There are 2 protein chains.
Amino acid sequence: MLTETIKVACSNCNLRELCMPMGFDQTEMQKLDEVVATRIKVKQGSNLFSHGDPFTSLYAIRTGFFKTSISTEDGREQVTGFQMAGEIVGLDGIVNDHHTCNAIALEDAEVCVMPFANVEDLSREFPVLQRHVHKMMSREIVRENSILMLLGNMRAEERLAAFLLNLVQRLHARGFSQSEFILRMSREEIGSYLGMKLETVSRTFSKFSEEGIIEVKQRYVRILNPDALKKIFNPSTC
Amino acid sequence: MLTETIKVACSNCNLRELCMPMGFDQTEMQKLDEVVATRIKVKQGSNLFSHGDPFTSLYAIRTGFFKTSISTEDGREQVTGFQMAGEIVGLDGIVNDHHTCNAIALEDAEVCVMPFANVEDLSREFPVLQRHVHKMMSREIVRENSILMLLGNMRAEERLAAFLLNLVQRLHARGFSQSEFILRMSREEIGSYLGMKLETVSRTFSKFSEEGIIEVKQRYVRILNPDALKKIFNPSTC
DNA sequence: TTACACGTTTGACTTACATCAAAACTCAAA
DNA sequence: TTTGAGTTTTGATGTAAGTCAAACGTGTAA
């Protein structure tokens with residue numbers, strides 16, 4: 001985990017609309033630049049933070065791809081999320097002043113460090129930022145609710161369909177193709193996230209492929225029939 | 001859902017330490033009383049709020065017991081939590097200005113209505129309250145993480161053991177017995193929360209009972225051997 | 001180029017839990 | 001005190017996904 005001293009401003013960042021509230025004038029925006037202390041690089045495979053680390057900051061992902069996970073004493077891992085550019089990690093640390101999950105870079109990444117003290121100070125000054133922080137946290141709660149629905153009620157095919165649709169939708173919002181992409185995570189990591197074994201993930205990919213819904217080759221995925229995926233995920237809306 | 005005009009102060013509330021930050025002097029505490037606008041009664045079986053309702057307030061439970069749930073178009077329900085006195089519901093509504101889940105009273109209840117505008121206004125004035133709100137939201141994120149672990153990695157017995165231990169721990173923190181209690185929810189609701197069918201919940205109860213770990217009679221539960229439960233939930237810590 | 005490690009796919013078999021069904025219990029209204 | 005609706009328990013059977021195992025691909029380093 002390398003630290004750079006380059007000070008970069010949110011005001012010029014092309015991800016601004018993803019991680020920052022909108023509708024500020026020039027001078028307010030400059031004040032808001034103060035949330036970000038530094039920017040750091042995280043090498044593929046290394047931890048941005050780990051279970052037990054003292055909590056100091058939230059991290060806005062600038063480039064790269066992360067997974068967050070928790071694990072039991074006996075070594076079982078549960079992936080709790082995959083995060084990409086413009087998304088925030090670290091919210092789990094606020095409640096106990098230390099992190100309860102691990103954030104691991106799935107590819108070389110760069111993150112903006114936002115010391116939480118700065119976030120809170122500026123939140124008191126700027127109601128728009130305050131509201132933004134609250135929404136961020138609420139969004140995470142709602143996201144986890146929908147994963148609970150996946151794990152509690154859905155079958156393997158429904159889970160994977162929902163996963164692919166969600167992934168492609170987020171990538172599309174970042175200017176990438178809405179039909180093809182490279183998975184940044186292994187079958188095992190997808191399985192952990194979706195509460196199934198890697199073999200089941202692989203079989204379900206193969207099934208979708210045989211049915212002409214997607215094209216898969218290792219980590220390359222191309223969605224040929226998005227409506228079929230939507231239908232699998234939620235039969236009533238199609 | 002009946003509205004009472006009785007204005008009740010947090011400063012005199014015996015649940016203060018559960019829903020409010022501590023360490024205020026007299027005058028600050030009086031100011032904080034302003035977060036709560038009114039107190040309302042919710043009849044057993046009726047909704048405090050439902051999916052789609054506009055979001056205006058958070059609710060602190062004063063008495064009674066709630067479940068929160070989300071449902072799919074095709075009618076599948078996922079219980080996302082059970083809440084008791086001193087706990088807060090409604091955080092899901094912040095992100096989209098409307099609620100995404102339902103909060104239903106499992107017994108006659110009384111809740112303190114905290115208009116979110118008040119919460120935000122006072123948060124800017126009192127850093128301690130601000131911090132408290134952030135911790136509340138972070139706690140909910142961490143709680144959901146641990147449910148993900150249950151649903152993604154644990155077997156039926158582990159899930160039910162974890163559920164019982166969590167329930168009894170929270171009841172104990174509120175001054176109730178740490179060994180016996182009455183379940184407020186049905187087998188089906190427990191099953192929905194834990195991602196299993198009601199029959200499996202019932203069978204697992206029976207199994208624990210046969211093994212002398214608990215005594216169950218319908219909704220009455222008495223924990224005879226808490227260590228055995230802990231061992232089932234997490235073999236390595238015992 | 002070969003060799004090796006690691007991830008992925010596929011097949012054969014097992015199992016934990018779901019499903020279907022019926023009986024037993026609880027409680028409230030007639 | 002019956003009746004009936006809703007909930008819980010228990011049994012018999014089915015199945016989606018897990019487990020075990022082997023083959024196949026891909027990338028990397030000698």
Side-chain angles (χ1 to χ4, degrees), chain A residues 43-45 65 67 74-79 104 106-108 150-164 182-211 214-222 232-233, chain B residues 43-45 67 74-79 104 106-108 150-164 182-211 214-222 232:
Chain A
K43 276 265 161 235
Q44 177 169 23
F65 202 91
K67 69 167 178 184
D74 57 328
R76 285 180 281 186
E77 186 193 42
Q78 175 67 40
V79 171
I104 299 168
L106 295 181
E107 58 181 9
D108 288 358
L150 276 191
L151 299 198
N153 278 292
M154 306 283 217
R155 290 169 311 101
E157 288 180 38
E158 298 175 291
R159 296 183 201 192
L160 192 63
F163 171 74
L164 292 174
I182 303 289
L183 294 167
R184 250 70 233 206
M185 69 295 278
S186 68
R187 298 291 187 262
E188 184 159 26
E189 287 162 333
I190 296 172
S192 171
Y193 183 56
L194 297 177
M196 50 208 252
K197 296 289 144 177
L198 70 95
E199 294 94 331
T200 307
V201 175
S202 178
R203 275 184 238 276
T204 310
F205 268 123
S206 300
K207 181 155 190 291
F208 286 172
S209 177
E210 282 158 26
E211 290 167 345
I214 61 172
E215 189 188 327
V216 213
K217 200 179 180 203
Q218 305 282 123
R219 297 199 176 183
Y220 167 83
V221 177
R222 182 192 191 85
I232 288 166
F233 171 49
Chain B
K43 277 267 160 234
Q44 178 170 22
K67 70 168 178 182
D74 57 327
R76 285 181 280 185
E77 186 193 43
Q78 176 67 41
V79 171
I104 299 168
L106 295 181
E107 58 182 9
D108 288 358
L150 276 190
L151 299 199
N153 278 292
M154 307 283 217
R155 289 169 310 102
E157 288 180 37
E158 298 176 289
R159 296 183 201 190
L160 192 63
F163 171 74
L164 291 174
I182 303 290
L183 293 169
R184 250 71 235 209
M185 70 295 278
S186 69
R187 299 290 188 263
E188 183 159 26
E189 287 162 333
I190 296 172
S192 172
Y193 184 55
L194 298 176
M196 50 208 253
K197 294 290 144 176
L198 69 97
E199 294 95 329
T200 308
V201 174
S202 178
R203 276 182 237 276
T204 310
F205 268 124
S206 300
K207 181 156 190 289
F208 287 172
S209 177
E210 281 158 27
E211 289 167 346
I214 62 173
E215 188 188 326
V216 213
K217 198 174 181 211
Q218 305 281 124
R219 298 200 176 183
Y220 167 83
V221 176
R222 183 193 189 86
I232 289 166

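Letters A, B, ... mirror the listed sequences (proteins, then strands); counts begin at 1. Because the structure is predicted, anything quoted here is derived from the model rather than measured.
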K.L.:
Of the options D:dT9, C:dT8, C:dT19, whose atoms approach the side-chain atoms of B:Leu198 most closely?
P.N.:
D:dT9

K.L.:
Rounded to whole Å, please give me the gap between CE in A:Met185 and P in C:dT8.
P.N.:
11 Å

K.L.:
Check the surroundings of atom CD in B:Glu188: do more than 12 heavy atoms from other residues, nucleotides or ligands lie under 6.0 Å from it?
P.N.:
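Counting other residues, nucleotides and ligands, CD of B:Glu188 stays at 12 neighbours or fewer.
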
K.L.:
For the pair made of CG in B:Leu160 and P in C:dC17, what is the distance, rounded to whole Å?
P.N.:
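That distance rounds to 11 Å.
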
K.L.:
Assign each of A:Lys217 and A:Met154 to its nearest nucleotide of DNA chain D by heavy atoms, then name whichever residue's nucleotide is nearer the 5' end.
P.N.:
A:Met154

K.L.:
For D:dG18, take OP1 and OP2 only and decide whether either is under 4.0 Å from a side-chain N or O of A:Thr200.
P.N.:
yes

K.L.:
When you measure from the side chain of B:Lys197, which nucleotide among C:dA18, C:dT9, D:dT8 comes out closest?
P.N.:
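The answer is C:dA18, which lies nearest to the side chain.
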
K.L.:
Mind checking whether B:Lys67 and B:Glu189 have side chains closer than 4.5 Å, heavy atoms only?
P.N.:
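Result yes, sub-4.5 Å side-chain heavy-atom pair found.
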
K.L.:
Just how far, in rounded Å, is C1' of D:dT9 from CD1 of B:Ile214?
P.N.:
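That distance rounds to 14 Å.
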
K.L.:
If you only use heavy atoms from C-beta on, which nucleotide in C:dT19, C:dC25, D:dC20 is closest to the side chain of B:Glu199?
P.N.:
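Side chain of B:Glu199 sits closest to C:dT19.
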
K.L.:
Hey, are B:Lys207 and B:Glu211 close enough for a salt bridge, meaning a charged N less than 4.0 Å from a carboxylate O?
P.N.:
yes

K.L.:
Output the rounded distance in Å from CD (A:Gln218) to P (C:dT10).
P.N.:
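The distance from CD of A:Gln218 to P of C:dT10 comes to 10 Å, rounded to the nearest Å.
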
K.L.:
Are A:Phe205 and A:Leu183 packed together at the side-chain level, in the sense that at least one heavy-atom pair is separated by less than 4.5 angstrom?
P.N.:
yes

K.L.:
Taking B:Leu198's backbone N and O only, do any of them form a donor-acceptor pair with B:Arg187's side chain (distance below 3.5 Å, no angle check)?
P.N.:
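Here the side-chain-to-backbone pair does not exist.
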
K.L.:
Return the value, rounded to whole Å, for the distance between atom CD of A:Gln44 and atom P of D:dT28.
P.N.:
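That distance rounds to 10 Å.
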
K.L.:
Nearest-Å distance, CD1 (B:Ile190) to C1' (D:dT9)?
P.N.:
14 Å

K.L.:
I want to check something: taking the side chain as every heavy atom from C-beta on, are B:Arg159 and B:Leu151 in contact at a cut-off of under 4.5 Å?
P.N.:
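The answer is yes, as the side chains (C-beta and beyond) meet within the 4.5 Å cut-off.
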
K.L.:
Nearest of C:dC17, C:dT8, C:dT9 to any side-chain atom of A:Ser206?
P.N.:
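Selected nucleotide: C:dT9.
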
K.L.:
Are the side chains of B:Leu160 and B:Ile190 in touch, meaning some heavy atoms are under 4.5 Å apart?
P.N.:
yes

K.L.:
In degrees, rounded to 10°, what is the bend between the two ends of the helix from C:dT1-D:dA30 to C:dA30-D:dT1, using five pairs at each?
P.N.:
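Nearest ten degrees gives 30° for this helix.
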
K.L.:
Below the 4.0 Å mark, does C:dT9 have OP1 or OP2 next to a side-chain nitrogen or oxygen of A:Arg187?
P.N.:
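Checking C:dT9 against A:Arg187, a side-chain N or O does come within under 4.0 Å of OP1 or OP2.
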
K.L.:
In whole angstrom, give the distance that lies between atom OH of A:Tyr220 and atom P of C:dT8.
P.N.:
17 Å

K.L.:
Classify the nucleic acid contact of A:Ser186 as base, sugar-phosphate or nothing, counting any heavy atom under 4.0 Å across all strands shown.
P.N.:
sugar-phosphate

K.L.:
Closest approach to the side chain of B:Arg203, judged atom by atom: which nucleotide of C:dA18, C:dT19, C:dT9 is it?
P.N.:
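Given the options C:dA18, C:dT19, C:dT9, the side chain of B:Arg203 is closest to C:dT19.
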
K.L.:
Counting only side-chain N and O atoms of B:Arg155, is one of them less than 4.0 Å from OP1 or OP2 of C:dC17?
P.N.:
no

K.L.:
How many whole angstroms separate atom CD of A:Glu188 from atom P of C:dT9?
P.N.:
13 Å

K.L.:
So, B:Glu158 and B:Arg155, do they make that salt bridge, N to O below 4.0 Å?
P.N.:
yes

